[in-house]
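Everything below concerns the one structure shown next.
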Amino acid sequence: MSKEQAAARPSRSRGVQPSCKAKAVELLARSDQSIRRLSDKLSRKGYGEDEIEETIQWLQSKRFIQEEERCRRRFEFLYHDSSYSVRQIVAKLQQQGYDRDMIRECIPDDTDEREYAVAMKVVRRRFKAGAEQQKMLQHLYMKGFDYDTARNAVEDLRLEWDEDI
């Protein structure tokens, strides 16, 4: 290809930047976004604050962004299909730009049984029989489990190991 042909060919990097609305829809088509995360991405792409705010309002009016629904769906997925403690889930969703109060509304009233089961799963996966109790507890604390849940899971697991011997 000659230099003239290369110069005549349109370049993606030199093309006209799409409108803020078009870019926002493109980003939402790829994955769910919180309003804060979408605003940050649009801002990094060079769109103005007023244009971004107008786009967010337009997206909400067209129901492209339903932040409460997305937050609830994401929380439910992580709560039922992961080995994260509730604290980790809350932190993860906050990092994704969801409001702390919105996340807290998603938390079921009684999480004790689920937290215990997940703590047992985490410690079983990580440690073998005879592991130090303190290391197991520290691991569970790092994963966001509270003191009572971690202590109960470790004690019960040690009893299981003692029965297996």
message = With rounding to the nearest 0.5 angstrom, report the CD1 to CG distance, Ile35 to Leu38.
response = 8.5 Å

ask   = Given side chains that start at C-beta, do those of Tyr116 and Asp156 come closer than 4.5 Å, heavy atoms only?
value = yes

request  = For the residue pair Lys45 and Gln17, establish whether any side-chain heavy-atom pair is separated by less than 4.5 Å.
outcome  = yes

request  = Return the set of residues passing side chain to side chain contact (heavy atoms under 4.5 Å, CB included) with Cys106 (not counting sequence neighbours), or none when no residue passes.
outcome  = Cys71, Arg72, Phe75

query = Hey, does Leu27 have a side-chain heavy atom less than 4.5 Å from the side chain of Leu42?
reply = yes

message = Within the 4.5 Å heavy-atom criterion, are Tyr141 and Ser85 side-chain neighbours or not?
response = no

Student check: side-chain heavy atoms of Glu155 and Arg158 closer than 4.5 Å = no

note = Sequence neighbours excluded, the answer for side-chain hydrogen bond (donor to acceptor under 3.5 Å, both in side chains) partners of Glu115 is none

query = Should Leu140 and Trp161 be regarded as members of a common hydrophobic cluster, given that ILVMFWY residues are connected when their side-chain heavy atoms come within less than 4.5 Å of each other, either directly or indirectly?
reply = yes

For Phe64, ring pair (Phe, Tyr, Trp, His ring centres under 6.0 Å) partners two or more places apart = Trp58

request  = Determine whether Glu54 and Asp50 make a side-chain contact, defined as any pair of heavy atoms from C-beta on separated by less than 4.5 Å.
outcome  = no

inquiry  = Please give me the minimum heavy-atom distance between Thr55 and Cys20, naming the atom from each residue.
reply    = OG1-SG, 3.2 Å

message = Among residues at least two apart in sequence or on other chains, which ones pass side-chain hydrogen bond (donor to acceptor under 3.5 Å, both in side chains) with Ser31?
response = Gln33

request  = Using the test side chain to side chain contact (heavy atoms under 4.5 Å, CB included), find all partners of Asp99 that sit at least two apart in sequence or belong to another chain.
outcome  = Asp101, Met102

Under 3.5 Å, which donor-acceptor pairs link side chains of residues 124-134 to any protein atom two or more places apart or in another chain?
{"unit_1": "Arg124", "atom_1": "NH2", "unit_2": "Glu160", "atom_2": "OE1", "d": "2.9"}
{"unit_1": "Arg124", "atom_1": "NH2", "unit_2": "Glu160", "atom_2": "OE2", "d": "2.7"}
{"unit_1": "Arg125", "atom_1": "NH2", "unit_2": "Ser83", "atom_2": "OG", "d": "3.0"}

Minimum-distance pair of heavy atoms, taken over all atoms of Lys92 and Leu78 = CD-CD1, 3.9 Å

key: Nearest heavy atoms of Ile52 and Tyr47, plus distance in Å   = CD1-O, 3.6 Å

key: Heavy-atom donor-acceptor pair, Ser43 side chain to Ser39 backbone, under 3.5 Å   = no

Can you give each donor-acceptor pair under 3.5 Å made by side-chain atoms of residues 147-154, sequence neighbours left out, with the distance rounded to 0.1 Å?
{"unit_1": "Tyr147", "atom_1": "OH", "unit_2": "Arg151", "atom_2": "NE", "d": "3.2"}
{"unit_1": "Tyr147", "atom_1": "OH", "unit_2": "Arg151", "atom_2": "NH2", "d": "3.0"}
{"unit_1": "Thr149", "atom_1": "OG1", "unit_2": "Asp146", "atom_2": "OD1", "d": "2.8"}
{"unit_1": "Asn152", "atom_1": "ND2", "unit_2": "Asp148", "atom_2": "O", "d": "3.2"}

request  = Compare all side-chain heavy atoms of Val118 with those of Lys143 and state whether any distance is below 4.5 angstrom.
outcome  = no

Co-membership, hydrophobic cluster, residues Phe145 and Val86, 4.5 Å side-chain = no

task = Look at the side-chain heavy atoms of Ile, Leu, Val, Met, Phe, Trp and Tyr, link any pair under 4.5 Å apart, and say whether Leu157 and Met142 land in one connected group.
result = no

message = Tell me every residue that passes side chain to side chain contact (heavy atoms under 4.5 Å, CB included) with Gln57, counting only those two or more places apart in sequence or in another chain.
response = Glu53

query = Going by heavy atoms in the side chains, are Leu59 and Val25 under 4.5 Å from each other?
reply = yes

task = List the atom of Lys23, the atom of Pro18, and the distance in Å for their closest heavy-atom pair.
result = CD-CG, 4.4 Å

inquiry  = Per the ring-ring contact (aromatic ring centres under 6.0 Å, His included) rule, what does the pair list look like for residues 89-113, sequence neighbours excluded?
reply    = none

task = Output all residues satisfying side-chain hydrogen bond (donor to acceptor under 3.5 Å, both in side chains) with Tyr84, sequence neighbours left out; order by chain, then residue number.
result = none

All side-chain hydrogen bond (donor to acceptor under 3.5 Å, both in side chains) counterparts of Tyr79, not counting sequence neighbours = none

request  = May I have all residue pairs that pass salt bridge (Lys or Arg N to Asp or Glu O under 4.0 Å) and include part of residues 30-40, sequence neighbours excluded?
outcome  = Glu26-Arg30, Asp32-Arg70, Asp32-Arg73

